[in-house]
Structure formats: C-alpha cells, structure tokens
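The structure under discussion appears below in the form of structure tokens.
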Amino acid sequence: MDVVDQDKEYTLFAGRLSPIIDCVVALAAGVLTTLSAAPFSLWWLGPVAVALVYWKIQSLTPVMATLRGWCYGVGLFGSGTSWVFVAIHDFSGTGALVAMFLTTLFVSVLALFFAVPFGLYRRITGPRFAFLSFAGMWVVSEWLRTWLLTGFPWLLLGTSQIDSPLAPWAPVGGVYLLSLMTALTGTLGVEVLRRRWSCLVPMAALWVVPFLLPAQWTTPAGKPIRVALLQGNLDQRIKWTAQGQREAVNIYTTMTQEQARDIDLIVWPEAALPMLEQEAQRILEQVASDLGPNTALLTGILQRDSEGRSYNSVIGLNDVQGEYQKAHLVPFGEYLPFQSLLADTLAFFDLPTPRLTPGSDVQAPLHVAGTTIGTAICYEIIFADHVAQQARNAELLLTVSNDTWFGRSIGPHQHLQMARLRALENGRHLLRATSNGVTAIIDSQGHVTARAPQFEQASLTGEVTPMQGLTPFTRTGSGPAWILAALLTLLGLQLNLSRSKNDALDEK
C-alpha cells in the first residue's frame with residue numbers, strides 16, 4: 001500500500017471516528033454541567049460545558065447537531081438526575097430492571113429538549129454572530145423545558161451560578177438571564193480562542209457589570225422572626241403505614257413541645273403527618289392547645305374536599321390566616337399526565353396511579369406571625385415564575401418538602417440550590433423545612449445561614465427578617481430574559497436568510 005492509499009484510508013477512518021468522538025465530548029459536557037451544580041458546585045465548568053457543545057457546531061449537519069444535543073442531554077440528565085432510579089426502585093417497590101428501563105426512558109426523552117433545538121439551530125442560523133444565536137437557542141431550549149409536557153426546569157444552566165460572580169444578575173432577570181450570561185461566556189470564550197479579540201469586551205462586561213449592580217434590592221419590613229424548622233427523619237418505607245402514622249404523630253408533637261416559648265413560628269415539612277387533615281384534626285387541635293400564645297405553626301398535610309378531590313397543602317395553627325394548595329404537581333408522582341394513554345402502561349408495570357388535584361395558580365399569601373408568607377411545596381420551588389408570583393405579595397418565602405424520595409443521592413443538594421436561587425431572585429428570606437434534609441434557613445442573598453444535618457431528627461432554629469420591595473425579576477418574571485434569548489436567536493436567523501438571499505442574487 002503506497003502513501004497515498006494510506007492517507008486515504010486514514011482520512012476515511014478519521015471521518016468514521018469523528019461522530020463517535022463528537023458524541024463522547026458532548027456526553028462529557030453534560031457531565032461537566034452536573035459537576036457545575038450542587039453538591040459539587042464547580043460553577044466555572046458551566047461555561048466550559050457550553051463551549052464544548054458550541055465548538056465547531058456550524059460545521060455539523062443538522063442531523064449531527066441534533067445528535068450532539070441529544071448526547072449532551074443524556075450526559076446531563078444521566079448524571080444529574082440519577083436520583084430518579086432511587087425514587088423508582090428504592091421507594092416505589094419497582095424491580096431494578098424496570099426502574100432502569102424507566103430511568104433510561106426518562107433521560108432519553110429529556111435529552112430531546114437539547115437535540116431538537118440544536119438541530120433546528122443548525123438548520124436556520126448562519127455562522128455570523130453565532131455566539132449570540134447559540135446562547136439564545138440554549139435559553140429557548142430551557143424555556144421549552146419549563147412548560148412543555150408539564151415542565152421540568154431542573155438543572156438549568158443558570159442555577160449553577162448561585163455562588164459565581166454572575167449571581168447578581170439573578171435579581172435582574174432570574175435564572176434564565178443567568179443561563180444566558182453563562183452560555184454567552186462559553187460561546188464568547190470559543191471566539192476568543194479563535195483570536196477574535198473583539199469578543200473579549202462583551203465577555204468582560206458580562207462579568208464586570210454584576211459588581212456595579214445593587215447589592216440588595218429589598219429592605220427590611222419589620223423585626224426579625226424567631227423560627228423553628230422540624231425535621232422528623234421518618235423512614236419513607238413505613239411512613240404511610242399504621243406504624244408510620246403513630247411514629248410521625250409522636251415525633252412531631254414531641255419536638256414541638258420541646259421548642260422554646262419565644263419561637264414565633266414552627267414549621268413541619270410536607271405531609272408531616274401521613275394522613276388526611278380530617279383524620280389528623282384531633283391531633284392538630286391538641287398541638288395547637290400546647291403552643292405558646294404567640295407561637296404559630298405551619299404544616300404540610302393532605303386535604304380532601306367534599307367532592308373527593310385530594311390536595312397537597314400547607315395549613316396553619318394558632319392565628320394563621322389562609323392555606324395553600326400545591327399548584328404544580330409532580331408528573332407520575334402526584335398526577336398522571338395523558339391519563340387515557342398511560343393508565344394501562346402503569347398497570348402493566350404494576351405502578352401506583354397518582355390522584356392529586358392541583359390548586360389554583362394564583363393564591364393569596366399566608367398571614368402568620370405578623371407577616372405574609374409565599375409558599376411553594378417541594379417540586380414547585382424549581383419554577384422561578386411561580387415563586388416570583390408568590391413573592392410579589394409576601395415578605396417571606398417558605399418551601400416544605402419530602403426529600404426522602406431522593407435517598408442519599410445528589411438530589412436534595414440540587415433542590416436546596418434551586419431554593420437558594422429563588423431567595424436571591426426575589427430578595428426574600430426563605431425557610432426550607434424537609435422530612436430528612438436538607439432543612440435550611442436562607443437569607444435574601446441566597447446564602448444558607450443555618451442548616452440541619454441530613455438523615456437525622458433535628459430542630460433548626462434561627463431568625464429571618466421580613467422584606468419589602470420588589471426586585472426587577474419579581475416585578476417582571478422571566479419574560480424579558482426569554483424575549484432577549486428569542487431575539488438573539490432570531491438575529492442569527494435573519495443573518496442566515498439575508499445571506500441566502502444574497503447568494504441567490506449572485507447566482508443570477
């Protein structure tokens with residue numbers, strides 16, 4: 001074989017190997033994004049991951065760009081939502097093979113939220129100002145993931161930046177603006193590596209402007225409130241049994257009685273008592289009678305109305321006005337989307353059919369201990385606009401959760417990180433009461449001021465300050481960030497169409 005034939009064979013081999021290498025790099029970029037988030041918190045890996053996906057994407061066909069996006073999504077959700085297997089296998093009584101199949105299906109479908117937009121991006125945009133349109137398309141893909149198929153805004157790129165110098169952008173435009181700034185950092189970084197030195201200026205501006213933004217957008221609305229968050233650490237496997245009910249009643253009533261008399265507010269976590277409110281009425285009345293005259297209590301509990309509809313709720317004892325019913329339910333966990341199509345599938349796999357009813361999208365805040373509290377139950381805290389809507393009429397934020405479903409996975413740490421970002425976005429102190437961790441008190445800057453150890457029975461006490469005033473994000477929600485992302489994407493589309501039109505004229 002002569003040298004020419006060897007060169008041809010090598011070129012052919014390299015061409016065949018190139019798609020495999022591209023997929024491996026995209027998978028690695030997805031894993032890097034997981035590492036940028038909690039509990040690893042290597043936030044600087046966020047822009048690096050974007051840069052790896054953006055690198056030479058303009059040289060790919062739309063099909064290969066789709067494959068790159070899908071591989072990135074598999075890497076991200078395969079590593080970042082591995083807790084889905086824990087929830088299905090360890091706590092739903094599902095066999096390992098079925099749990100693995102369902103987890104793989106879950107990851108594969110979620111990966112389409114990167115595959116389809118990136119394939120479309122490659123088809124409709126040109127190379128000029130691609131660093132803008134690619135970053136815009138990244139946030140458009142996150143927007144789609146926020147509402148399509150009931151929404152799953154978990155592991156959004158911007159969430160990982162809660163501890164980075166970019167964090168002050170959060171009160172301005174929320175997590176999606178943070179995602180846009182992170183994505184732009186990655187794409188601009190690639191352009192700088194290509195020696196397009198003019199890109200250094202906008203990239204530097206992304207990181208310098210946050211130092212010029214106000215450190216605090218809101219102001220105290222009253223005196224600090226003394227709070228106690230109770231973490232019962234009840235085993236999820238027995239929680240809904242008769243034994244679990246007895247233990248839950250004993251744990252939470254005893255822990256409540258042990259609290260100091262100067263506590264203004266005691267909080268129990270989501271569904272602290274594993275029974276309906278009607279069944280727990282006598283117990284709650286006894287707890288209320290044992291509370292100090294100036295102490296209120298909030299607890300997560302299940303409710304059932306006169307028509308038989310069940311709600312995941314937060315109610316109060318001892319001079320608490322209002323209640324809250326969970327509006328964003330967990331698909332497949334609390335309700336079944338596309339029930340007519342999927343009911344038989346769940347029956348085939350012998351999985352329980354969830355039957356909770358969502359509460360109203362707009363609910364008044366709770367009036368407790370001389371202040372107003374906006375509430376989000378468990379999964380809802382990941383929806384930035386839902387929390388902003390609650391914060392507009394509230395001085396504090398509260399989220400109660402049952403994170404025992406995550407086991408000892410990274411899920412609870414990711415969940416806490418998203419709660420921290422909600423506090424920063426809205427300039428509100430936030431209380432997070434969970435069944436087994438991570439129970440925490442978070443200030444208006446998103447910093448954890450106190451936290452209880454995981455997997456232990458614990459009582460976390462501290463102070464929070466009601467806050468007044470609205471951040472720009474609380475006023476507007478995510479709309480401006482989504483519009484900006486769409487405009488950047490359309491900028492690439494317009495340039496592409498203009499170039500095609502010019503090429504056609506040149507041919508004439």
Go through the structure and list residues passing ring pair (Phe, Tyr, Trp, His ring centres under 6.0 Å) with [X], not counting sequence neighbours.
X      : result
Trp169 : none
Trp147 : Trp143
Tyr311 : none

Partner set under salt bridge (charged side-chain N to carboxylate O under 4.0 Å, His left out) for Arg68, not counting sequence neighbours
Asp22

Salt bridge (charged side-chain N to carboxylate O under 4.0 Å, His left out) partners for Asp361, two or more places apart:
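Once residues adjacent in sequence are excluded, Asp361 has no partner under the salt bridge (charged side-chain N to carboxylate O under 4.0 Å, His left out) criterion.
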
[X]: partners by side chain to side chain donor-acceptor pair (under 3.5 Å), with sequence neighbours left out:
X      : answer
Trp482 : none
Gln417 : none
Tyr324 : Glu380, His386
Gln363 : none

Sequence neighbours excluded - side-chain hydrogen bond (donor to acceptor under 3.5 Å, both in side chains) pairs with any residue from residues 436-446:
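Found Gln216-Ser444, Gln216-Gln445, Gln231-Thr439, Thr434-Thr439.
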
Write out all pairs satisfying side-chain hydrogen bond (donor to acceptor under 3.5 Å, both in side chains) with one or both partners inside residues 171-186, taking only residues at least two apart or from two chains.
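Applying side-chain hydrogen bond (donor to acceptor under 3.5 Å, both in side chains) to every pair that reaches into residues 171-186, excluding sequence neighbours, yields Glu142-Ser179, Thr146-Tyr176, Thr185-Trp207.
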
Would you please test Ser313 and Glu323 for side-chain hydrogen bond (donor to acceptor under 3.5 Å, both in side chains) and show each step?
CA-CA 7 Å; Ser313 307; Glu323 61 183 26; 5.9 Å; no

Is there a donor-acceptor pair under 3.5 Å between the side chain of [X] and the backbone N or O of [Y]?
X      : Y      : answer
Thr94  : Ile88  : yes
Ser478 : Asp385 : no
Thr218 : Leu470 : no
Arg123 : Pro62  : no
Gln325 : Ser360 : no
Thr187 : Phe131 : yes
Glu270 : Asn402 : yes
Lys326 : Thr357 : no
Trp70  : Phe113 : no
Ser82  : Gly78  : no

Do [X] and [Y] make a side-chain contact, defined as non-hydrogen atoms from C-beta onward lying under 4.5 Å apart?
X      : Y      : value
Thr465 : Met467 : yes
Thr125 : Met137 : no
Phe383 : Phe152 : no

Is the distance from the ring center of Phe118 to that of Trp138 below 6.0 Å?
yes

Can the ring centres of Phe129 and Phe134 be said to be less than 6.0 Å apart?
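Distance test on ring centres: not under 6.0 Å, no.
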
Taking all non-hydrogen atoms of both residues into account, name the closest pair between [X] and [Y] and its distance.
X      : Y      : result
Ala29  : Leu52  : CB-CB, 4.0 Å
Ala440 : Leu460 : CA-CD2, 3.7 Å
Ala205 : Pro210 : O-CD, 4.2 Å
Ser435 : Lys239 : OG-NZ, 4.2 Å
Pro168 : Leu213 : O-CD1, 3.5 Å
Ala183 : Leu157 : N-CD2, 3.9 Å

How are the rings of [X] and [Y] set to each other: parallel, tilted or perpendicular (split at 30° and 60°)?
X      : Y      : value
Trp83  : Phe406 : perpendicular
His89  : Phe85  : parallel
Trp154 : His415 : tilted

Pair Val267, Val400 - check side-chain contact (heavy atoms from CB on, under 4.5 Å), show working.
CA-CA 8 Å; Val267 183; Val400 296; 3.9 Å; yes

Leu97 atom CG, neighbour heavy-atom count above 12 within 6.0 Å:
no

With a 6.0 Å cut-off (strictly less than), is the heavy-atom count around CZ of Arg392, excluding the residue itself, greater than 12?
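Check passes, neighbour count above 12.
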
To the nearest 0.5 Å, what is the distance between [atom1] on [X] and [atom2] on [Y]?
X      : Y      : atom1 : atom2 : value
Thr150 : Leu329 : OG1   : CG    : 9.5 Å
Gln414 : Ser41  : CD    : OG    : 10.0 Å
Ile301 : Leu276 : CD1   : CG    : 8.0 Å
Asp163 : Trp44  : CG    : CH2   : 15.0 Å

Are Leu298 and Leu398 close enough, and set up right, to give a side-chain contact (heavy atoms from CB on, under 4.5 Å), and what steps lead you there?
CA-CA 10 Å; Leu298 295 175; Leu398 165 72; 3.7 Å; yes

Distance-only side-chain donor-acceptor flag, [X] / [Y], under 3.5 Å:
X      : Y      : value
His328 : Glu334 : no
Tyr72  : Thr33  : yes
Glu395 : Gln468 : no
Arg304 : Ser310 : yes
Asp90  : Gln236 : no
Thr471 : Asn426 : no

Should Val438 and Asp403 be marked as a side-chain contact (heavy atoms from CB on, under 4.5 Å) after you check the CA-CA gap, both sets of side-chain angles, and the distance that decides it?
CA-CA 8 Å; Val438 180; Asp403 282 2; over 6 Å; no

Hey, mind stepping through Ile57 and Tyr121 against side-chain contact (heavy atoms from CB on, under 4.5 Å) and telling me if it holds?
CA-CA 10 Å; Ile57 195 171; Tyr121 162 82; 3.9 Å; yes

Residues that Ala419 engages under side-chain contact (heavy atoms from CB on, under 4.5 Å), provided they are two or more places apart:
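Partners of Ala419 under the side-chain contact (heavy atoms from CB on, under 4.5 Å) test: Ile381, Leu430, Arg432, Ile442.
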
